[in-house]
Peer 1: 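Pasting in a structure now, in C-alpha cells, and then I'll have a few things to ask.
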Amino acid sequence: MKEKIGRGLDHLIEQNSTELEFLSAYGSGAVESDVDVNSLLDALVRFLKAGQVKTKQSKGKVTFSFGTAMMTDKGLLVECNGKNLPLVNSDLIQVGFVDGNLSKDKSSVSVVMQNWDYEQRRFIERLAEHLN
C-alpha cells in the first residue's frame, strides 16, 4: 500500500502567507550571497535625493548630511551619527539587515543592508527625518 504524502511546507506557507507576515520581524540571520550592492547604493541615493537630502557620490560610496553608505562584500554598510538616534537594537535585526550596531548612548549606528525593502526604506527615512 502506498503512503499518502501530505501537503508540503511550501504549500502551507503559500496558503497562509498573509498569516505569517509577523515572522519578518525576527530577521533571517542569514547572510545573502547574491546581494546586488550596486542596486542598493543606487536605490539609497535615489531615496535620499527624493527626500531632499544632499548627497555626494564617489566610487562605491555615498556621503550624505547624516552619514555614509559604502559597498562591501556583505552588502551596503550604512553608518550614521547624531544625538539620540530614533532607533532601538531590534531595528537592526529586521530582515535584510546584518551586523547591526547601535551605540549605548544612541549617538551612532552601523548596519549592513542586504535588501531594499520596507524595513530599509523606513530605517533611512527615520534617520533622515531626525537628523536632516
Peer 1: Could you give the distance from CZ (R46) to CG (L48), rounded to the nearest 0.5 Å?
Peer 2: 11.0 Å
Peer 1: Please report the shortest heavy-atom distance between I124 and V78, naming the atom on each side.
Peer 2: CD1-CG1, 4.2 Å
Peer 1: Grouping I, L, V, M, F, W and Y whenever their side-chain heavy atoms are under 4.5 Å apart, do V45 and M70 come out in a common cluster?
Peer 2: no
Peer 1: For residues 34-63, pull every pair meeting ring-ring contact (aromatic ring centres under 6.0 Å, His included), keeping only residues two or more places apart or in separate chains.
Peer 2: F47-W116
Peer 1: Of the non-hydrogen atoms in L127 and C80, which two are nearest, and what is the gap between them?
Peer 2: CD1-SG, 3.7 Å
Peer 1: Atom CG of N115 and atom CD of Q120: how far apart are they, to the nearest 0.5 Å?
Peer 2: 5.0 Å
Peer 1: Would you name the heavy atoms of A69 and L44 that are closest together and state the gap between them?
Peer 2: CB-CD2, 3.4 Å
Peer 1: Taking E125's backbone N and O only, do any of them form a donor-acceptor pair with H130's side chain (distance below 3.5 Å, no angle check)?
Peer 2: no
Peer 1: Return all side-chain donor-acceptor pairs below 3.5 angstrom for residues 55-67, not counting sequence neighbours, or 'none' if the list is empty.
Peer 2:
residue: S65; atom: OG; partner: N132; partner atom: OD1; Å: 2.8

Peer 1: For V53 and A128, work out which heavy atoms get closest and say how close.
Peer 2: CG2-CB, 4.3 Å
Peer 1: Is L102 reachable from L131 through a run of hydrophobic residues whose side-chain heavy atoms are each under 4.5 Å from the next?
Peer 2: yes
Peer 1: Please round to the nearest 0.5 Å and tell me the distance separating atom NZ of K83 and atom CG of L85.
Peer 2: 12.0 Å
Peer 1: What distance do T72 atom OG1 and Q114 atom CD have between them, rounded to the nearest 0.5 Å?
Peer 2: 8.5 Å
Peer 1: Using atom types as modelled and distance alone, determine if a side-chain donor or acceptor of S103 lies under 3.5 Å from a backbone N or O of S107.
Peer 2: yes
Peer 1: Using a 3.5 Å distance criterion without hydrogens, assess whether the side chain of E129 forms a donor-acceptor pair with backbone atoms of R126.
Peer 2: no
Peer 1: Has the side chain of E119 got a donor or acceptor atom that lies under 3.5 Å from a matching backbone atom of F97?
Peer 2: no
Peer 1: Rounded to the nearest 0.5 Å, what separates atom CG in L77 from atom CG in L40?
Peer 2: 12.0 Å
Peer 1: Listing request: all salt bridge (charged side-chain N to carboxylate O under 4.0 Å, His left out) pairs with a residue in residues 99-113, at least two apart in sequence or in separate chains.
Peer 2: K74-D99
Peer 1: Heavy-atom distance under 4.5 Å between the side chains of V111 and N101, does that happen here?
Peer 2: no
